[in-house]
Amino acid sequence: MGDKVNIIIVEAREDLAEEGAHVFAELAGAAVVGRGRCMVALSGGSTPRKMHALFGEDPYRSSMPWNKIHLYWGDERCVPEASRWSNYGQACEDFLDRVDIPADNVHAMPGSLPPEEGASLYEKEITGEFDLVFLGLGTDGHTASLFPGDIALQEKRRRVVAVKGGQPEVHRLTMTFPLINKARKVVFLVAGEEKAEVVKSVLEDRDTRLPATRVLPSGGSLTWILERGAASLLPKEMICERKAR
Ligand code: 6PG
């Protein structure tokens with residue numbers, strides 16, 4: 001897998017959140033200096049919520065260049081924003097309502113539109129390459145809403161498509177490999193012993209039937225931040241231990 005993949009092990013979920021927030025802050029600062037703005041795609045699910053909550057607290061709430069940051073989502077469930085299953089809704093609860101980011105910089109996926117229409121509309125809203133894409137990992141090896149065996153895995157052209165699946169089993173919008181693998185930096189946040197098997201299958205066995213295995217940024221970097229339990233089946237030589245910040 002070569003040196004393009006950086007695997008960082010942290011002790012606990014709190015450390016995972018701290019490490020992720022630190023990566024975001026460093027990268028956002030550099031992107032704004034270098035390119036005048038920072039384009040970030042957030043992931044859904046439960047794992048990133050502690051990190052998102054940190055964004056809504058100091059130092060991140062007051063020190064991040066929020067007016068230069070553009071927030072997108074890697075995937076969304078086609079449910080109302082008020083639904084507990086809405087990734088955007090979760091982010092509002094976790095930090096968006098507490099940070100001074102211009103409304104025009106928050107690009108929620110249009111989960112309430114007919115899925116195909118929502119997918120093509122969102123594609124048009126993505127203007128440029130991502131500086132950072134956060135991803136999670138399901139126990140079945142899915143990431144974003146790219147599920148094993150789904151036709152969306154074969155997509156070569158479109159950057160956002162509509163799919164159906166996952167928990168909850170609903171229509172979803174998801175970024176595709178052509179878009180994700182163009183990002184300057186991709187960061188997986190993964191926690192929980194229940195994911196140790198799939199982490200091993202992706203990172204050591206390189207099982208390409210698992211969608212997460214096919215996340216390999218062509219010109220960018222790939223970092224896996226793993227809580228110790230999720231990394232418990234990885235051989236020692238593959239990992240770098242990170243002391244808590
Ligand atoms: C989604 C996510 C999905 C998530 C994994 C892991 O919207 O469902 O983007 O890809 O990252 O399912 O979910 P947990 O973090 O809750 O384990």
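For ligands, and for the atoms within them, numbers begin at 1 and follow the listed sequence. The first residue in the sequence is number 1, and the count goes up from there.
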Any V199 side-chain heavy atom under 4.5 Å of V190 side chain: yes
S43 side chain near L189 side chain, heavy-atom distance below 4.5 Å: no
Closest contact, heavy atoms only, [X] versus [Y]:
X: D100; Y: W66; result: O-CB, 3.4 Å
X: R172; Y: G165; result: NE-O, 2.7 Å
X: E197; Y: L233; result: OE2-CD1, 3.6 Å

Protein contact of [atom] - nearest heavy atom, named by residue and atom, plus distance:
atom: atom 13 (O) of ligand 1; answer: G45 CA, 4.0 Å
atom: atom 12 (O) of ligand 1; answer: H142 NE2, 2.7 Å
atom: atom 1 (C) of ligand 1; answer: D75 OD2, 3.2 Å
atom: atom 11 (O) of ligand 1; answer: G136 CA, 3.4 Å
atom: atom 6 (C) of ligand 1; answer: L137 O, 3.5 Å
atom: atom 17 (O) of ligand 1; answer: K195 NZ, 2.5 Å

Taking both backbone and side-chain atoms of [X], is any N or O found less than 3.5 Å from an N or O belonging to ligand 1?
X: T47; result: yes
X: R77; result: yes
X: S145; result: no

Heavy-atom gap A144 to ligand 1 smaller than 4.0 Å: yes
R172 touching ligand 1 at heavy-atom level, < 4.0 angstrom: yes
Exam field: side chain R77 to backbone W85, donor-acceptor pair closer than 3.5 Å: yes
Polar side-chain atom of Y72 near backbone of E125 as donor-acceptor pair, under 3.5 Å: yes
Region of N87 engaging ligand 1 - heavy atom pairs below 4.0 Å: side chain
Proximity of Q167 to ligand 1 by residue part, where a heavy atom lies under 4.0 Å: neither
Ring center gap for F95 and Y60 short of 6.0 angstrom: no
Pair D75, S145: side-chain N/O donor-acceptor within cut-off below 3.5 Å: yes
